[in-house]
Protein chains: 2
Amino acid sequence: MQYRMSTSDVLSTPGHLTSVAARGFARLSEARLKPLGFGVGTLPVLVALEEGRVKTQRDLARFARIEQPSMAQMLARMERDGLILRTPDPTDGRSSRVALTESARARLPEACAVLSQGNDEALAGFTETEAEVFISLLKRLIGNLDQLVKNDVGDR
Amino acid sequence: MQYRMSTSDVLSTPGHLTSVAARGFARLSEARLKPLGFGVGTLPVLVALEEGRVKTQRDLARFARIEQPSMAQMLARMERDGLILRTPDPTDGRSSRVALTESARARLPEACAVLSQGNDEALAGFTETEAEVFISLLKRLIGNLDQLVKNDVGDR
DNA sequence: TATTTGTACATAGTGTCCTATGTAACAAGT
DNA sequence: ACTTGTTACATAGGACACTATGTACAAATA
């Protein structure tokens, strides 16, 4: 389309704007979750584990949409911080079963409330429809990006 | 609003979705900029410097919307990689003037084209209006987040 | 059964961003 | 001129993500 990109343009790019928005969310959530002893990246893992449907590192990574090494590192931090426990899987010698600690389980509802609250505040001034449209467009965008990344990066 | 957050909910949260989208953009751009010798985070800096209006670390940080230490680290990497040069500011002993190297300036237009192309592809299937609406909602969201972060984190 | 292929995880190294804190230079007010 | 406050940057340390690569176990196949 446009082979030239000026100062004003870069800042209005979807790529840059989503980055700014994501970092805003992260900073806010970080600040609010810290008193509860959680980090931003841990929440998807905690919620997935709470229901007990997901137990392995592989499934957690797919659920949270991060790569396997990122999840490995995340679980290491979470284990260090007493949020999870890992026990060897009896049926598969390569794998571990991940479980929430009682302490983490106890604090989780509060964290979810805080996060939910933050999302609502971030959407202040949005009508119900606007919020829905925004989410729907975001999901379509993500679908496109998934395809592009798959082709470009040569994943899987 | 809702004090309970189930497995399905977390994934549809604006916070999580923007994070996924931002990482998708980053991975894609990363892969495409790498052959040109640029990283994702460098582009805002390069574009700002190209026009010559912004020269100091402080202004670059404000422009790219990252914190000062992040920009310091970024400039260090860019200097290491031969993208920029720093010369002491004659009028202010604390500050440095940052300038593009010729090599970086030469490769910049190609990088901008690549980035612009990626943004277009990410918006595939979006009507013109949808794209505009999306950007506009994103900006409003960012405005809200800025306020929230300012209050919560206690910036400045 | 032996070999090959695939899967789950670990490790190493890096990029990008953050907060917290220190230091040196400038600017203002007394 | 001197103190005080502000500003620009540096440094330390950590979170969270990625790619690239190695290893051990499982599954499939010859």
Side-chain angles (χ1 to χ4, degrees), chain A residues 16 19-31 33-34 37-45 55-62 64-81 83 86 88-98 149 152-156, chain B residues 16 19-31 33-34 37-45 55-62 64-81 83 86 88-98 149 152-156:
Chain A
H16 188 253
S19 163
V20 172
R23 283 186 283 124
F25 268 117
R27 285 175 81 178
L28 183 67
S29 309
E30 188 90 33
L33 290 177
K34 193 168 208 169
F38 296 128
V40 213
T42 69
L43 256 293
V45 181
K55 285 184 172 19
T56 70
Q57 183 183 111
R58 188 194 94 234
D59 290 338
L60 287 169
R62 287 180 183 166
R65 302 215 45 174
I66 62 180
E67 297 300 315
Q68 171 262 319
S70 308
M71 182 52 78
Q73 201 178 19
M74 177 71 69
L75 292 178
R77 279 194 303 267
M78 293 177 73
E79 194 169 30
R80 178 201 65 191
D81 296 342
L83 300 180
R86 274 189 277 199
D89 186 326
T91 78
D92 190 333
R94 297 164 297 179
S95 198
S96 284
R97 297 288 177 78
V98 184
V149 167
D152 263 63
V153 182
D155 232 18
R156 192 128 339 264
Chain B
H16 188 254
S19 162
V20 172
R23 283 186 284 123
F25 268 117
R27 284 175 82 179
L28 183 67
S29 309
E30 188 90 32
L33 290 177
K34 192 167 209 171
F38 296 128
V40 213
T42 69
L43 255 292
V45 182
K55 284 185 171 23
T56 71
Q57 184 183 110
R58 188 194 95 237
D59 291 337
L60 286 169
R62 286 179 183 165
R65 304 213 45 171
I66 62 181
E67 297 299 315
Q68 171 263 319
S70 307
M71 183 53 78
Q73 203 176 16
M74 176 72 69
L75 292 178
R77 280 194 303 268
M78 293 177 73
E79 194 168 30
R80 179 201 64 190
D81 297 343
L83 301 180
R86 276 189 274 199
D89 186 326
T91 77
D92 189 333
R94 299 165 295 179
S95 200
S96 284
R97 297 288 177 78
V98 184
V149 167
D152 263 63
V153 183
D155 233 20
R156 194 143 332 272

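To find a chain, count down the sequence lines: A is the first, B the second, and so on, and within it residues start at 1.
The side chain of Arg94(A) approaches dT7(C) more closely than any other nucleotide in the set dC17(C), dC18(D), dT7(C). Ranking dA25(C), dA17(D), dC16(D) by closeness to the Val40(A) side chain, first place goes to dC16(D). Candidate nucleotides dA15(D), dA10(D), dT19(D) were compared by shortest atom distance to the side chain of Val153(A), and dT19(D) ranks first. Comparing dT16(C), dC18(D), dC16(D) by their nearest atom to the side chain of Met74(A) picks out dC16(D). Listed nucleotides: dA17(D), dA15(D), dA20(C). Nearest to the side chain of Pro69(B): dA20(C). The side chain of Thr56(A) lies closest to dC9(C), out of dC18(C), dC9(C), dA10(C). Nearest nucleotide to the side chain of Arg77(B), out of dG15(C), dC9(D), dC9(C): dG15(C).
At a threshold of 4.0 angstrom between heavy atoms, the contacts of Arg97(A) with the nucleic acid are absent. Within 4.0 Å of Ser95(B), counting heavy atoms only, lie sugar-phosphate atoms of the nucleic acid but no base atom.
With Arg77(B) contributing its side chain and Gly39(B) its backbone, the two residues share no donor-acceptor pair below 3.5 Å.
Rounded to an integer number of Å, the gap from Phe25(B) CZ to dC18(D) P is 16 Å. In this structure, Arg65(A) places its CZ atom 12 Å from P of dA17(D), rounding to the nearest Å. Across the protein-nucleic acid pair, Asp89(A) atom CG and dC9(C) atom P stand 9 Å apart, rounded to whole Å. We find that CG of Asp92(B) is positioned 7 Å from P of dA27(C), with the value rounded to whole Å. Separating the CD1 atom of Ile66(A) from the P atom of dC18(D) is a distance of 6 Å, rounded to the nearest angstrom.
Remark: Arg80(A) is in phosphate contact with dA15(D), judged by side-chain N or O atoms under 4.0 Å from OP1 or OP2. Note on Arg27(A): a side-chain N or O is less than 4.0 Å away from OP1 or OP2 of dT19(C). Phosphate contact (OP1/OP2 of dT7(C), side-chain N/O of Arg58(A), threshold under 4.0 Å): absent. Residue Ser70(B) places none of its side-chain N or O atoms closer than 4.0 Å to OP1 or OP2 of dT16(C).
Not a single donor-acceptor contact under 3.5 angstrom links the side-chain atoms of Gln68(A) to the base of dA8(C). With hydrogens and angles ignored, a donor-acceptor pair closer than 3.5 Å exists between the side chain of Gln73(B) and the base of dC17(C).
Looking at Val153(A) and Glu30(B), their side chains never come closer than 4.5 Å, going by heavy atoms from C-beta outward. A 4.5 Å side-chain heavy-atom check between Leu83(B) and Phe38(B) finds at least one atom pair inside the cut-off.
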Does the side-chain contact (heavy atoms from CB on, under 4.5 Å) test come out yes or no for Lys55(A) and Asp89(A), once each step is laid out?
CA-CA 10 Å; Lys55(A) 285 184 172 19; Asp89(A) 186 326; over 6 Å; no
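Remark on DNA chain C: of its neighbouring residues Pro90(B) and Asp81(B), the 5'-side contact belongs to Asp81(B), judged by nearest-heavy-atom nucleotide.
Between the CD atom in Gln57(A) and the CZ atom in Arg97(A) there is a gap of 14.0 Å [rounded to 0.5 Å].
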